Amino acid sequence: LFTVMFSYLLFLGLYTPPSLSDSPPLQDMCPMAPQDERKLFMNGYLCKHPSTILASDFKTLLLNHAGKLDNMVRSSANIVTAAEFPGLNTLGMSMARTDIDSYGIVLPHSHPRASEMMFVHDGSVLAGFFDTTGKLFQKRLCEGDVFIFPRGLVHFIMNYGLRLATTFSVLNSQNPGVVGITHAMFAPDSDVAEGLVARMMKFREMEISDNKTTDFSWTS
């Protein structure tokens, strides 16, 4: 009887339709509130009444202009989520614009709740990510190229040309989250951050063929 029951439970676990599983969280964490403190808190945002929905809810100008580049890394990244763009709510996506000046860089970071598909609009960039074994996957990209950063993996972008580079991205979560590896532990203008920028600039000199990856040491 035990064997039959175990087999039945295993079958249910393997063949339960995905629609019956929990949806991915849209917050970093969500502990259960004590019963006397429970109030309405959505995993996302409440919807507008259908009679009040307008075409303007699905248009945004938030990615029209480049961000400020007068900083240590000479870059700017602007992520637009459902919090800023109402039409994205419940659609499971967000968007981003990244501008990188010559010799600028977007420091290593990750999105814990989303994969990212990046399109190079202007200029040329070097984009890469690290898998969970520390192996580096990087490519030089030109205008019109597309590159994928898998969900949760640490990735970076740097300008590979002599003029401003601009990329646009789509992420498959309306709240992808950003974990900045350097900024999480050190001040943006600290010696550690400056050292990391200098170290990563060596990536520009690395030659990796189309079908190969490489192991990269952060300490040597």
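Note that the structure is a prediction, hence the values are computed from the model and not measured.
- Contact of the Arg113 side chain with the Asn175 side chain is registered, since non-hydrogen atoms from C-beta on lie closer than 4.5 Å.
- Residues Asn89 and Cys47 meet the side-chain proximity criterion, which asks for heavy atoms closer than 4.5 Å.
- Lys68 and Ser76 get closest at one heavy-atom pair: O-CB, 3.4 Å.
- Across every non-hydrogen atom of Pro108 and Val154, the tightest pair is CB-CG1, 3.6 Å.
- Shortest non-hydrogen contact noted between Gly123 and Arg163 is N-NH2, 3.6 Å.
- Using a 4.5 Å heavy-atom threshold, the side chains of Val106 and Phe156 count as separate.
- Inter-residue side-chain proximity for Leu62 and Arg97 is flagged as unmet; no heavy-atom pair is nearer than 4.5 Å.
- For the residue pair Glu143/His121, the side-chain donor-acceptor check at 3.5 Å is not satisfied.
- Taking the six-membered ring where the residue is Trp, the centroids of Phe119 and Phe168 are separated by 6.0 Å or more.
- Aromatic ring orientation, Phe129 versus Phe149: perpendicular (interplanar angle above 60°, classes split at 30° and 60°).
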Check your understanding: side-chain hydrogen bond (donor to acceptor under 3.5 Å, both in side chains) between Ser169 and Glu116: does it pass, once the steps are laid out?
Key -> CA-CA 6 Å; Ser169 299; Glu116 177 179 354; 2.7 Å; yes
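- The shortest side-chain heavy-atom distance between Met93 and Leu88 falls under the 4.5 Å cut-off.
- Scanning all heavy atoms of the two residues, the minimum distance from Ala165 to Ser124 falls at CB-O, 3.9 Å.
- For the residue pair Asp131 and Thr133, a side-chain donor N or O sits within less than 3.5 Å of a side-chain acceptor on the partner.
- You'll find the side chain of Val179 stays beyond 4.5 Å of the side chain of His109, heavy atoms only.
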Review point. Does the side chain to side chain contact (heavy atoms under 4.5 Å, CB included) test come out yes or no for Ile105 and Ile157, once each step is laid out?
Key: CA-CA 6 Å; Ile105 184 173; Ile157 317 166; over 6 Å; no
